[in-house]
Structures are given as C-alpha cells and as structure tokens.
Amino acid sequence: MALIPLMIDLDEKKVVIAGGGSIAERRAKTLLKSGASITVISPEIKKGIRALWEEDLLIWKEKNVQTSDLADAFLIIVATSDPIVNQEVIQKAPSSALINAAAEADKGNVAFPSTFRRGKLNISISTNGASPQLAVKIRRQLESLYDEKYEDYVDFLYECRKLVKLTSLDKLHQRLLLKELLSEGFLDKHQQLMAITWLKKLARGGEGND
C-alpha cells in the first residue's frame with residue numbers, strides 16, 4: 001500500500017485517542033496544534049496525558065473503548081499497549097473514519113510523519129514505516145538547513161505573492177519575479193524590506209524604478 005501525503009484541516013473535528021501512554025501523548029500534542037476536539041479513552045493515563053487533561057486541552061474518559069465512543073469520529077488514534085485491544089478498536093471503528101494504528105501502521109489508513117514547522121512552512125518526512133529512525137535523522141538535518149529565519153522568509157514570500165498579483169504584470173513575468181525572490185539574498189531582512197517597498201509601489205501602478 002502506497003500512502004499519499006496530504007495536508008488536512010482538523011479544526012473542530014472529533015478525534016478519539018485509544019490509549020493513555022507516551023505515544024498517545026505525542027499524538028495529542030501534535031493534534032492540539034490543529035484545533036481538533038480530542039478525547040482520550042483509557043482506564044489509566046500517564047502524567048503527560050494527565051497534564052493536558054488538567055489544563056482542559058482534551059477530554060479523558062476513564063474506561064475501555066466502546067463502539068459508541070467512536071461514533072462520528074473523524075480520526076481515531078489506536079495507541080494502547082495491548083495488541084488485542086488495538087485490534088478490537090480498529091474493528092469497532094466506523095468505516096468512514098481515518099485510523100492511525102501507532103504500533104502497526106499497516107492496520108490503519110493514516111500515518112503520522114516526522115515533521116517540523118517554520119511558521120507557514122511545514123516539512124514532513126516519512127519512510128512508510130520502513131525506518132522511523134531514518135525519518136527522524138533526515139528531519140534533524142532539514143531542521144538545521146531550514147532554520148528559524150525561514151519563518152519570516154516564508155511570511156515575506158507570502159506578502160510578495162499577494163502584492164505581485166495586484167500588479168499589471170502578465171502571468172509569465174509574475175512567475176519570473178516570484179522565482180527571483182527565491183534567491184538566498186532575500187533571506188536578509190533589509191533586502192526583504194526593500195523588495196516589499198518596491199512591490200507596493202508597483203502594485204499601486206508605479207514603475208518601481210526608484
């Protein structure tokens with residue numbers, strides 16, 4: 001099975017996490033950034049999940065998973081330490097639900113890649129379960145290559161793209177201009193400011209030559 005990478009909006013979507021251990025904690029912390037409505041179902045939870053629950057960042061149901069708990073779930077995370085329980089949760093899941101089986105990726109239809117963010121820039125790496133450690137290694141290399149300055153740089157590119165669309169340039173020249181802004185020289189804040197000033201003038205109908 002070949003997994004297809006997608007970006008997905010989970011804002012206010014119902015997410016159920018079966019399990020209360022370290023894997024459940026990692027998944028919950030990742031999902032909290034999405035605005036999802038998270039419910040953890042487990043007879044016991046470790047301190048990481050408990051801390052999130054005590055901060056009202058998620059709901060905890062102190063019980064075993066029942067079929068009714070999974071109704072209308074958009075995404076189900078199967079992350080208990082018991083393979084038999086994991087399989088039971090998968091069998092109880094609605095056919096329409098997305099399922100991430102943390103311990104056995106091939107039992108689900110959604111995988112969590114190794115990922116990091118730089119503002120609007122989101123970089124994810126996956127080996128389709130072949131070597132999670134390799135995915136982490138590559139992520140760390142990319143984190144060094146695309147460091148914190150890329151957060152402001154991507155915001156700069158976003159602002160430039162909006163301004164370029166307001167100009168009278170034809171599509172070809174718009175693409176060429178946006179490509180030019182990918183030069184490493186524009187990682188410099190001063191160069192960014194100069195470019196924004198020039199594009200604002202161009203968008204207003206000026207020649208942009210000053």
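Worth knowing before you read on, the calculation uses all heavy atoms, side chains too, and leaves out hydrogens, waters and symmetry mates. Positions are given from 1 along the sequence.
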Checklist line | Partner residues of Phe74 under the ring-ring contact (aromatic ring centres under 6.0 Å, His included) criterion, sequence neighbours left out | finding: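 For Phe74 there are no ring-ring contact (aromatic ring centres under 6.0 Å, His included) partners, ignoring immediate neighbours.
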Answer yes or no: does atom [atom1] of [X] have more than 12 heavy-atom neighbours from other residues, nucleotides or ligands under 6.0 Å?
{"X": "Lys149", "atom1": "NZ", "answer": "yes"}
{"X": "Phe186", "atom1": "CZ", "answer": "yes"}
{"X": "Ile84", "atom1": "CD1", "answer": "no"}
{"X": "Gln91", "atom1": "CD", "answer": "yes"}
{"X": "Lys165", "atom1": "NZ", "answer": "no"}
{"X": "Tyr158", "atom1": "OH", "answer": "no"}
{"X": "Glu143", "atom1": "CD", "answer": "yes"}
{"X": "Lys171", "atom1": "NZ", "answer": "no"}

Locate the shortest heavy-atom distance separating [X] from [Y]; write the atom from each residue and the value.
{"X": "Ala73", "Y": "Ala97", "value": "O-CB, 3.6 Å"}
{"X": "Leu58", "Y": "Trp53", "value": "O-CD1, 3.6 Å"}
{"X": "Leu3", "Y": "Pro5", "value": "O-CD, 3.8 Å"}
{"X": "Lys92", "Y": "Val65", "value": "NZ-O, 3.1 Å"}
{"X": "Phe156", "Y": "Leu181", "value": "CZ-CD2, 4.1 Å"}

Do side-chain atoms of [X] reach the backbone of [Y] as a donor and acceptor pair under 3.5 angstrom?
{"X": "Ser144", "Y": "Gln141", "answer": "no"}
{"X": "Ser183", "Y": "Glu180", "answer": "no"}
{"X": "Asp69", "Y": "Gln66", "answer": "yes"}
{"X": "Thr115", "Y": "Ile123", "answer": "yes"}
{"X": "Ser131", "Y": "Leu134", "answer": "yes"}

Next item on the list: Evaluate side chain to side chain contact (heavy atoms under 4.5 Å, CB included) for Val154 paired with Arg118, printing each intermediate quantity in order.
Entry: CA-CA 8 Å; Val154 174; Arg118 296 288 185 248; 5.9 Å; no
When you compare the side chain of [Y] with that of [X], does any pair of heavy atoms fall below 4.5 Å?
{"X": "Lys61", "Y": "Val40", "answer": "no"}
{"X": "Val78", "Y": "Lys107", "answer": "no"}
{"X": "Leu70", "Y": "Pro94", "answer": "yes"}
{"X": "Leu177", "Y": "Leu199", "answer": "yes"}
{"X": "Ile59", "Y": "Ile41", "answer": "no"}
{"X": "Pro43", "Y": "Asn64", "answer": "yes"}

For residues [X] and [Y]: do they belong to one hydrophobic cluster (side chain heavy atoms under 4.5 Å, members Ile, Leu, Val, Met, Phe, Trp, Tyr)?
{"X": "Leu187", "Y": "Ile196", "value": "yes"}
{"X": "Ile77", "Y": "Ile8", "value": "yes"}
{"X": "Leu145", "Y": "Phe116", "value": "yes"}
{"X": "Ile99", "Y": "Leu75", "value": "no"}
{"X": "Leu163", "Y": "Leu193", "value": "no"}

Working to the nearest 0.5 Å, report the span between [atom1] of [X] and [atom2] of [Y].
{"X": "Asp188", "Y": "Met194", "atom1": "CG", "atom2": "CE", "value": "10.0 Å"}
{"X": "Tyr153", "Y": "Lys120", "atom1": "OH", "atom2": "NZ", "value": "14.5 Å"}
{"X": "Glu151", "Y": "Arg117", "atom1": "CD", "atom2": "CZ", "value": "10.5 Å"}
{"X": "Asp72", "Y": "Ser96", "atom1": "CG", "atom2": "OG", "value": "8.0 Å"}
{"X": "Leu169", "Y": "Arg175", "atom1": "CG", "atom2": "CZ", "value": "12.0 Å"}
{"X": "Ile90", "Y": "Asn109", "atom1": "CD1", "atom2": "CG", "value": "9.5 Å"}

Checklist line | Partner of Ser114 under side chain to side chain donor-acceptor pair (under 3.5 Å), chosen from Lys137, Arg139, Arg140 | finding: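 Answer after filtering Lys137, Arg139, Arg140: Arg139.
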Taking distance alone, no hydrogens or angles, what donor-acceptor pairs closer than 3.5 Å link side-chain atoms of residues 11-28 to residues at least two apart or in another chain?
residue : atom : partner : partner atom : Å
Lys14   : NZ   : Ala71   : O            : 2.6
Glu25   : OE2  : Lys29   : NZ           : 2.8
Arg27   : NE   : Asn100  : OD1          : 2.9

